[in-house]
Amino acid sequence: MALIELKSVTKIYPLGNQEVVAVDDFSLSIEAGEFSVFAGPSGSGKTTLLNMIGCLDQPTRGEIWLEGQEIGHADQKMLSELRLRNIGFIFQSYNLIPVLTAAENAEFTLMLQRVDKRERRERVTDLFSLLGLDGLENRKPSDLSGGQQQRVAIARAMASEPTVVLADEPTASLDSHASEELLALMQRLNQEQGATFIFSSHDPLVISHGKRVVRLHDGHLESDQ
Amino acid sequence: MELFNLAWKNLWRSRRRTLITLAALSFSLMLIQAFHNLSYGVYSAMIDSGVRAGTGHLVVFRQDYLKTRDEKLSFNPHDLAGEIGQIDGVEAVLPRLYLPGLAQSSRESRGILLTGVVPAVERQVNPFLRGLPDDQWLTSLEGREAILGHLLLKELQLKKGNKFVVTLQHRSGELVSEMFRVHGVIKTGIKSVDKRLLMVGHNRAAAMVGNPDDIHELAIVLEDQDLNYLVLPQLQELLKPHSTLEGMSWERAMPNLYNAIRLDYASQKFIFVIMMLIVTIGVINTLLMSVMERFREFGIILAVGASTARLRILVFIEALLLGLVSMVIGSSLGSLATWYLQVVGIDMRNFISETLEFGGVVFDPIMRAGWDLPWMGKISVYLLILSLLAAVYPAVKAGRISPAAAIRHH
Ligand SMILES: Nc1ncnc2c1ncn2[C@@H]1O[C@H](COP(=O)(O)OP(=O)(O)OP(=O)(O)O)[C@@H](O)[C@H]1O
Ligand SMILES: [Mg+2]
C-alpha cells in the first residue's frame, strides 16, 4: 500500500449561497521517499489538496489514506494528533512564532510531543548544521532573513521525523537565489534522510526541481510525470 | 513548563498593553486591600472600645433582660465571674448593675442611669474612664462617691465635691433616696452617655434596691476579639446549670453597633465588587485583543500539531500569569499602603472638629488600618480567579480557530 492514497477526493467550499469545487474527483497515490510537486495556476487546488493530506481540512467526498489509515473522516482530536506525529508543515511565510528563538521554534513540535529538552536540543542542533543555520539558534525570527526563516521552518517540520513533509509554496516569498538554496536543501534531506516531500508551486523553475510533477487545473489532475 | 515560558513571552509582546492591564489589576487590588484594612482597623477599634464600655465581647444576662431592660431581671452571679475568668482568653469579667432613676441637685433634676460597678476591674477595662485622673476614681464598692457624665454635671449645675440625691424604686415598689457626692467627671463624646451616666460602687447601688448581691450584666472582655467563637461555647457550657441566664456575643447584645458596621461595610463591599468587575472587563479586553491579533499564529500552532485544548490552556496560562503578577504587585502595594495607614493613619480632625459617634461608639479621630491577612489573601485569590474567568471567552475563541482558514487569511 502506498504511503498516501487519495481516492476520488472532492472538496467543495460553500461560498455565500454558491459552491466552489476546489478539488474534483481527484485520485493519486504517493510512495514513501518521493519528492513531488503540485503544480498549477492560482486557484487550481494545490493548497486545498495539501491541507487535506496534512489533516488541516477534510474532503467533502472520497477517501484519503495515510499509512494505511483513513483520515478523511477522522475527528478533530485524531486530526491534531496526526498532524503532530505524521505531518511536517512548511507554509509560504510567517511560519514561526515571533517570541520564540530559532531553536525554540524548531523544537516546537518536539515540545508538543513532550520529548525531553536534551534530546530536542540535540536533534535541532544536528538539523541546524545540516541546514546551514549554525550560530543562529538564539536569534528571533525577526532577526533572520526570509530564507533562514524558511530553513528554520524546515527544521521544525523535520525535527519530529514525520511521515511526510508538506510545503505550500515554500519559496514564494524568497528571491531566486534563496529559493534555489532552499530547494537544494529539501532535495538533500530527501536523498540523505529519505524524507518524503510534497510541495506546491506555480513557478516553473521551482517545479523543475520536482522528481514527480503533478499538474493541477481547476481541481482536476491534468498530468502526472 | 514550556507553555509557561511561551505564555510569559507572549505577555510581553504588547508591553504597553500588558503594563496597563497589570497596573489596573494591581492598583485595584492595592486599593481594595488598603481600604478594607483601614475599615478593618477602624471597626476593630470601634468594636474594642464598644465592647469594653458596653457588654463586653461576650455577656451574660438574665433571660429577656436584653429585650425589656426591666431592672427586675437581675441575677446573683455567685462565683460565676470567677469561673468565667478561668476560661482561656478571657481578659476581664465585669459585673454591672443598671438602675434607671432620678438625680436631684438643689437646683435641677434629671433622669439618670445609675451604674453599679466593681471599681478595680472597671478601671482597667472601660475606655470611658481613660481620661479620668486616678484621684477621681471610685475607691470602694460601698462609697458614696459618684462619677458623672460631664453633660449631666452641667445640667444639674453641680461641681466636684457637691452632694446630690438619687431616687429610685426599691424592689418592694417603694421609692428610696440616697445622697451621693460628685467625685469624678467623664467625657465620652457620646451624648446619651454624657447626659445620663452616673457610676457608683456596685454594693452601694445594689443595696438601694434591696438586692445586695444582684447584677444585670456580666460583661466578658477577651484578649482578642477573634477568640469569640472559641470562648462562647465554653461560656454556654458553664451557664447550663443556670437556666434563667443566657450568654451571647456582642453582635447580638449590641445590635446597633453590629448593624452600623455591617451596613457600612456592605456599601464598601459593593464598591469592591464594581471595581473588580470593571477590572475584569479590562482583562477580557486585553486577552481577547491578544488572541485576535494572533489568529494566524494560532493557526500555525494548530497546524504543527497542538491540540485546541493546548491552545486554550496557553490562553489560560497567560491570564494566570497576568493574575499572579498583579497579585504579587498589588498585595505588596496593598501592604505598603496598609502599613502607612497603620503607622501614620488618617487624622479626621482635619475634616471634622467634633468627636464622631458611630453605632453608639466614639470614633478615634485618627483612623488606623489593621492587618486582615487572611482577607488580603482571599481577595488576591479572587483576583486570580477573576483573571482566569476573564480568559474563558478568549480561550473559547482561540479554540474555535480553524487552522486552514487562519493560515489562508493573513
Ligand atoms: N475557505 C474557502 N472558502 C471558499 N472557497 C475557497 C476556500 N479555500 C479555497 N477556496 C477556493 O478553492 C479553490 C482552490 O483554492 P486553493 O487555495 O486550493 O488554490 P491554490 O492552487 O492553492 O491557489 P494559489 O496558488 O492562489 O494558492 C479556489 O477557487 C479558491 O477560491
Ligand atoms: Mg495556495
Side-chain angles (χ1 to χ4, degrees), chain A residues 11 13 22 47-52 54-58 75-101 104-117 120 140-142 153 156-157 159-160 162 165-166 168-169 173, chain B residues 1-19 286-287 289-319 321-322 395-410:
Chain A
K11 179 67 184 182
Y13 289 111
T47 299
T48 307
L49 267 178
L50 286 174
N51 282 353
M52 287 191 292
C55 303
L56 282 178
D57 217 338
Q58 288 182 297
D75 62 15
Q76 288 302 320
K77 218 181 135 194
M78 189 71 214
L79 288 176
S80 94
E81 192 62 21
L82 282 163
R83 291 198 295 262
L84 181 59
R85 307 274 166 198
N86 300 33
I87 311 288
F89 262 116
I90 303 159
F91 301 99
Q92 181 177 326
S93 55
Y94 301 110
N95 265 295
L96 306 178
I97 300 171
V99 290
L100 299 182
T101 63
E104 285 169 337
N105 264 292
E107 287 177 33
F108 196 76
T109 44
L110 295 176
M111 184 270 278
L112 291 175
Q113 289 180 4
R114 302 181 203 279
V115 173
D116 80 73
K117 202 161 186 141
R120 264 162 31 198
K140 289 281 168 66
S142 55
R156 179 178 65 196
S160 57
V165 178
L166 304 173
D168 191 7
E169 307 203 31
S173 55
Chain B
M1 207 52 232
E2 277 86 4
L3 276 187
F4 273 89
N5 181 31
L6 178 57
W8 179 254
K9 287 176 175 165
N10 280 335
L11 274 190
W12 298 105
R13 281 169 105 141
S14 189
R15 182 179 305 222
R16 188 180 337 171
R17 187 171 63 204
T18 299
L19 283 177
T286 300
L287 292 173
M289 269 169 78
S290 86
V291 165
M292 298 318 245
E293 282 168 3
R294 287 180 287 167
F295 204 64
R296 181 185 154 86
E297 186 180 322
F298 281 178
I300 300 264
I301 291 177
L302 288 170
V304 302
S307 60
T308 48
R310 269 196 154 167
L311 202 56
R312 269 179 263 152
I313 289 171
L314 179 68
V315 176
F316 274 116
I317 295 177
E318 289 175 19
L321 291 175
L322 209 57
V396 166
K397 268 290 225 226
R400 285 213 190 116
I401 290 175
S402 139
I407 292 161
R408 222 176 256 273
H409 295 261
H410 97 269

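Computed over heavy atoms, backbone and side chain alike; hydrogens, waters and symmetry mates excluded. Keep in mind the model is a prediction, meaning the values are calculated, not measured. Every chain is numbered from 1, with letters handed out A, B, ... down the list of sequences.
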Value for CG (A:Leu79) from OG1 (B:Thr308), rounded to nearest 0.5 Å, stands at 11.0 Å

dist A:Asp57:CG -> B:Ser402:OG (nearest 0.5 Å) comes out at 7.0 Å

Bottom line for A:Asn95: the part with an atom under 4.5 Å from chain B's heavy atoms is both

Where on A:Glu104 is there a heavy atom nearer than 4.5 Å to chain B: the side chain, the backbone, both, or neither?
side chain

Tell me, side chain or backbone of A:Thr48 under 4.5 Å from chain B's heavy atoms, or both, or neither?
both

Decide yes or no for B:Asn5 and A:Met111: does some side-chain heavy atom of the first lie under 4.5 Å from some side-chain heavy atom of the second?
no

Would you call A:Phe108 and B:Ile301 a side-chain contact if the rule is heavy atoms closer than 4.5 Å?
yes

What parts of residues 81-90 of chain A touch chain B if we use heavy atoms and a cut-off under 4.5 Å?
A:Arg83, A:Leu84, A:Phe89

I'd like to check B:Lys9 versus A:Ile97 (side-chain heavy atoms, cut-off strictly below 4.5 Å). Are they in contact?
no

Part of B:Arg310 lying under 4.5 Å from any heavy atom of chain A
side chain

Measure the shortest side-chain to side-chain distance between B:Arg408 and A:Thr47 over non-hydrogen atoms and say whether it is less than 4.5 angstrom.
yes

In terms of heavy-atom contacts, does CD of B:Glu293 have more than 12 from other residues, nucleotides or ligands at under 6.0 Å?
yes

So do the side chains of A:Leu56 and B:Ile407 get within less than 4.5 Å of each other, counting heavy atoms only?
yes

Quick one: closest heavy-atom pair of A:Tyr94 and B:Arg296, and the distance?
O-NH2, 3.4 Å

Leading residue by heavy atom contact count with chain B [cutoff under 4.5 Å; candidates A:Asn51, A:Asp168, A:Leu112]:
A:Leu112

Where is the tightest heavy-atom contact between B:Ala306 and A:Ser80, given as atom of each residue plus distance?
O-CB, 4.1 Å

Selection from B:Ser307, B:Pro403, B:Gly305 maximising heavy-atom pairs under 4.5 Å formed with chain A
B:Gly305

Say you draw a straight line from NZ of A:Lys117 to CD of B:Glu2; how long is it, rounded to the nearest 0.5 Å?
5.5 Å

Looking only at heavy atoms and a cut-off of under 4.5 Å, which of A:Ala157, A:Pro162, A:Pro98, A:Gly54 has the most pairs with chain B?
A:Pro98

